[in-house]
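Everything on this sheet refers to the single structure shown next.
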Amino acid sequence: MTRDNAFVVVANRLPVDRTAAPSGWQASPGGLVAALAPVLRERSGCWVGWPGEPDVEIAPFEFEGISLRPVALSAREFEDFYEGFSNSSLWPLYHDLIVAPSYEAAWWEAYQEVNRKFADAAAAAAAPGATVWVQDYQLQLVPGLLKQARPDVTVGFFLHIPFPSPDLFRQLPWRDEITRGLAGCDLIGFQREEDERNFRALVGPSGPRSGTFPISIDPQAIRPGGQEDVETLRERLGAPETVMLGVDRMDYTKGILQRLLAVECLLEQGTLGRVAVVQLTTPSRERIEHYQQTRREVEEAVGRINGRFGEVGRPIVHYIHRPVPKAELGTYYRAADVMLVTPFKDGMNLVAKEFVSCCADDAALVLSEFAGAAVELDRAHLCNPFDVGSIQEAITAAVGDHRDARVDDMRAMRRAVLGHDVFDWAREFLGAL
Ligand code: GDG
């Protein structure tokens with residue numbers, strides 16, 4: 001294999017999905033791809049990742065000017081590495097134990113093997129002295145393995161999710177191996193200063209260089225819906241006084257149930273007026289039991305709220321459990337009066353930033369203080385998602401605030417988001433690297 005790439009991105013997934021289209025692939029939507037595609041083209045780079053299908057060997061190929069290098073995984077590897085260690089051990093641990101992590105030696109074995117495959121692919125692809133940028137918690141051993149094989153390359157790593165306090169991190173049976181893996185980085189980037197502090201408290205001054213680089217959105221990729229579409233949507237919802245919106249992956253970190261419980265309490269008190277709640281939920285990690293349970297609880301609450309407070313032909317909660325096309329999201333964002341973003345813990349939360357970039361000037365954002373986005377969006381109605389009363393207060397304030405106050409806050413937050421987009425994020429990280 002030729003080593004001709006001066007810049008290599010390594011991520012769990014390639015930025016494409018299989019389709020029926022003649023080329024066989026379509027770009028998967030996402031800010032990371034948008035931000036890195038120009039850099040990849042300019043620096044003749046390549047992207048190393050899993051193509052999304054188990055048990056198939058796919059040769060390297062070009063897609064829209066970017067060279068893609070698929071890493072093959074068996075169904076078993078995918079289960080143990082991705083559903084097991086990545087999403088049943090690391091994900092809950094790094095999100096401060098919202099559910100209990102499971103630690104299984106077989107998953108750890110698979111995590112090591114798969115990280116080795118990604119590191120080998122990156123080592124084979126990188127030109128002498130290349131820059132390699134490794135993404136996220138699924139690949140924390142890659143920097144160390146890569147540095148061993150290729151001391152000549154510069155290795156960056158960005159963690160998209162929170163980094164837990166050392167007290168929690170020390171639970172992990174393989175904590176030393178993970179720390180050693182990350183020690184192969186020349187620079188490790190975090191979403192919030194708190195994440196970086198947690199990491200520094202763990203590794204001390206001699207660990208790898210680190211920095212805080214809050215991720216952002218590609219404003220071109222998500223545009224506000226047009227007036228006509230917005231009006232049609234509000235009509236379909238029964239022309240309520242207030243439209244509230246939630247947009248999330250179906251994940252227990254996102255606090256979907258808690259926001260529904262807060263709405264239910266307010267409906268009981270009769271203080272909300274005529275309200276419609278739209279909850280768009282993308283299916284996620286559906287074979288993991290905690291995710292199945294989260295879905296059951298959310299769906300039970302939706303049914304109960306509609307049963308108690310809806311009318312025939314006029315539910316309160318309009319609930320979708322399937323992906324919504326990106327082009328339609330801008331219409332929902334634009335039509336909403338109040339956006340509900342209530343995660344227990346979230347690295348950043350791009351939905352909050354997308355909403356702020358698209359919404360009406362007099363719309364309001366209810367935002368968890370535990371989302372990374374709360375650092376920049378501090379003029380939102382901040383709430384503590386562990387306290388349903390706090391979510392209720394934030395919703396009440398968001399609905400009741402004077403219009404002028406809302407407009408000032410929203411414009412200030414929009415300036416903050418548009419003034420620091422995902423291109424700035426990539427430039428700043430790569431500049432520091
Ligand atoms: C991880 C971290 C961090 C959602 N539903 C649909 C849809 N989406 C899109 C949103 C948004 C993205 O998915 C979700 O991004 P988030 O940032 O909100 O959350 P995670 O998926 O958990 O992402 C997070 C992020 O990485 C980046 O570093 O911010 O903290 O957990 O862009 O618009 N897109 C479409 N249909 C949907 O139904 N097309």
Side-chain angles (χ1 to χ4, degrees), residues 11-13 15 17 26-36 86-87 90-96 98 133-139 157-164 189-192 194-195 212-225 245-256 278-285 291 294 318-334 336 339-359 365 367-368 370-377 417 420-422 425-426 429:
N12 175 47
R13 277 298 312 274
D17 294 311
Q26 68 180 11
S28 52
L32 190 61
V33 197
L36 296 180
S86 296
N87 288 316
L90 293 175
W91 179 270
L93 176 64
Y94 282 30
H95 287 87
D96 291 356
I98 295 158
W133 193 2
V134 182
Q135 307 290 327
D136 226 1
Y137 63 103
Q138 305 93 347
L139 301 176
F157 179 90
F158 187 77
L159 185 69
H160 290 256
I161 68 174
F163 194 82
F190 297 93
Q191 299 273 29
R192 298 171 312 161
E194 193 185 318
D195 303 313
T212 297
F213 303 91
I215 201 168
S216 190
I217 59 167
D218 172 7
Q220 299 305 317
I222 180 104
R223 310 300 304 241
L245 175 65
V247 177
D248 310 80
R249 272 189 311 102
M250 180 64 90
D251 193 300
Y252 50 78
T253 59
K254 302 292 183 183
I256 304 169
V278 178
Q279 177 62 54
L280 307 178
T281 327
T282 310
S284 184
R285 304 175 193 166
Y291 286 77
T294 300
H318 300 253
Y319 166 73
I320 300 288
H321 183 256
R322 53 179 187 269
V324 169
K326 200 90 189 171
E328 287 175 26
L329 276 185
T331 304
Y332 286 100
Y333 287 145
R334 188 72 184 189
M339 181 82 204
L340 305 174
V341 179
T342 58
F344 292 120
K345 190 89 185 178
D346 216 330
M348 177 54 61
N349 195 291
L350 293 178
V351 165
K353 290 189 170 182
E354 288 168 0
F355 173 72
V356 163
S357 83
C358 289
C359 70
L365 172 63
L367 178 60
S368 162
F370 300 108
V375 174
E376 291 155 281
L377 304 181
V417 170
H420 185 263
D421 62 21
V422 74
W425 168 80
F429 182 91

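In listed order, ligands and their atoms are each counted from 1. Values reported hereafter were calculated over all heavy atoms of this structure, with side chains retained and with hydrogens, waters and symmetry mates removed. Quick caveat, the model's predicted, so the values are computed rather than measured.
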Pairs of nitrogen or oxygen atoms closer than 3.5 Å, one from K254 and one from ligand 1: do any exist? yes
Locate the shortest heavy-atom distance separating P214 from M348; write the atom from each residue and the value. CB-CE, 3.5 Å
Minimal non-hydrogen separation, A221 against K326, with atom names: O-CG, 4.3 Å
Nitrogen or oxygen of I161 less than 3.5 angstrom from that of ligand 1: no
E328: heavy atom below 4.0 Å from ligand 1, yes or no? no
For ligand 1, which atoms sit closer than 4.0 Å to a heavy atom of R249? 20 (P), 21 (O), 22 (O)
Enumerate the atoms of ligand 1 whose separation from the nearest heavy atom of G347 is less than 4.0 angstrom. 30 (O)
Output the list of atoms in ligand 1 that are nearer than 4.0 Å to some heavy atom of E354, sorted by atom number. 10 (C), 11 (C), 32 (O), 33 (O)
Q279 and V247: which non-hydrogen atoms are nearest, and at how many Å? NE2-N, 4.1 Å
Under 4.0 Å from one or more heavy atoms of V247, ligand 1 contributes atoms 4 (C), 5 (N)
With rounding to the nearest 0.5 angstrom, report the CG to SG distance, L365 to C359. 8.0 Å
Reported CZ-to-OG1 distance for the pair R249 and T281, which is rounded to 0.5 angstrom: 11.5 Å
As an exercise, state the distance from CD of E194 to CZ of F163, rounded to the nearest 0.5 Å. 12.5 Å
Test of proximity, R322 against ligand 1: N or O pairs below 3.5 Å: no
Starting at CG of D248, measure out to OG1 of T294 and round the result to the nearest 0.5 Å. 11.5 Å
So the atoms of ligand 1 within less than 4.0 Å of a heavy atom of P323 turn out to be 38 (O)
Closest heavy-atom pair and its distance - H95, K345: CD2-O, 3.5 Å
Contact (N/O only, under 3.5 Å) between F158 and ligand 1: no
Any N/O pair D248/ligand 1 closer than 3.5 Å: no
How long is the gap from CZ on R334 to CZ on F355, to the nearest 0.5 Å? 10.0 Å
In ligand 1, the atoms that come under 4.0 Å of a heavy atom of Q191 are 3 (C), 28 (O)
Atom indices of ligand 1, in the order listed, that fall short of 4.0 Å to a heavy atom of V351: 10 (C), 18 (O)
W91 vs Y137 aromatic rings, parallel, tilted or perpendicular, using cut-offs 30° and 60°? tilted
Which atom of A352 lies closest to which atom of L367, heavy atoms considered: CB-CD1, 4.2 Å
So which protein heavy atom does atom 26 (O) of ligand 1 come closest to, and at what separation? H160 CB, 3.9 Å
Please report the C-alpha distance between F213 and F190 in whole Å, then the side-chain angles of each, then the deciding distance to 0.1 Å, and finally whether the ring-ring contact (aromatic ring centres under 6.0 Å, His included) criterion is met. CA-CA 6 Å; F213 303 91; F190 297 93; 9.3 Å; no
Geometric N/O contact M348 with ligand 1, under 3.5 angstrom: yes
Within 4.0 Å of atom 39 (N) of ligand 1 (strictly less), any protein heavy atom? yes
Any idea which protein heavy atom is nearest atom 13 (O) of ligand 1, and the distance to it? K326 NZ, 4.6 Å
Can you tell me if L280 has a non-hydrogen atom under 4.0 Å from ligand 1? no
Can you find a protein heavy atom closer to atom 1 (C) of ligand 1 than 4.0 Å? no
So, for atom 9 (C) of ligand 1, does the protein have a heavy atom nearer than 4.0 Å? yes
Mark whether atom 23 (O) of ligand 1 lies under 4.0 angstrom from at least one protein heavy atom. no
Under a 4.0 Å heavy-atom limit, does L329 contact ligand 1 with its side chain, its backbone, both, or neither? side chain
Straight-line distance of L36 CG to W133 CH2, nearest 0.5 Å: 5.5 Å
Indicate the atoms forming the closest heavy-atom contact of P343 with N349, along with that distance. CG-ND2, 4.3 Å
Dump the intermediate steps for salt bridge (Lys or Arg N to Asp or Glu O under 4.0 Å) on D195 and R192, then the final yes or no. CA-CA 5 Å; D195 303 313; R192 298 171 312 161; 2.6 Å; yes
Which residue and atom name correspond to the protein heavy atom nearest atom 17 (O) of ligand 1, and how close is it? L350 N, 2.8 Å
Shortest protein contact, atom 31 (O) of ligand 1 (heavy atom only): D346 OD1, 3.4 Å
For T282, counting its heavy atoms only, list the atoms of ligand 1 lying under 4.0 Å from any of them. 4 (C), 5 (N), 6 (C), 37 (C), 38 (O)
Does some non-hydrogen atom of W91 fall short of 4.0 Å from ligand 1? yes
Identity and distance of the protein heavy atom lying nearest atom 35 (C) of ligand 1: V324 O, 3.1 Å
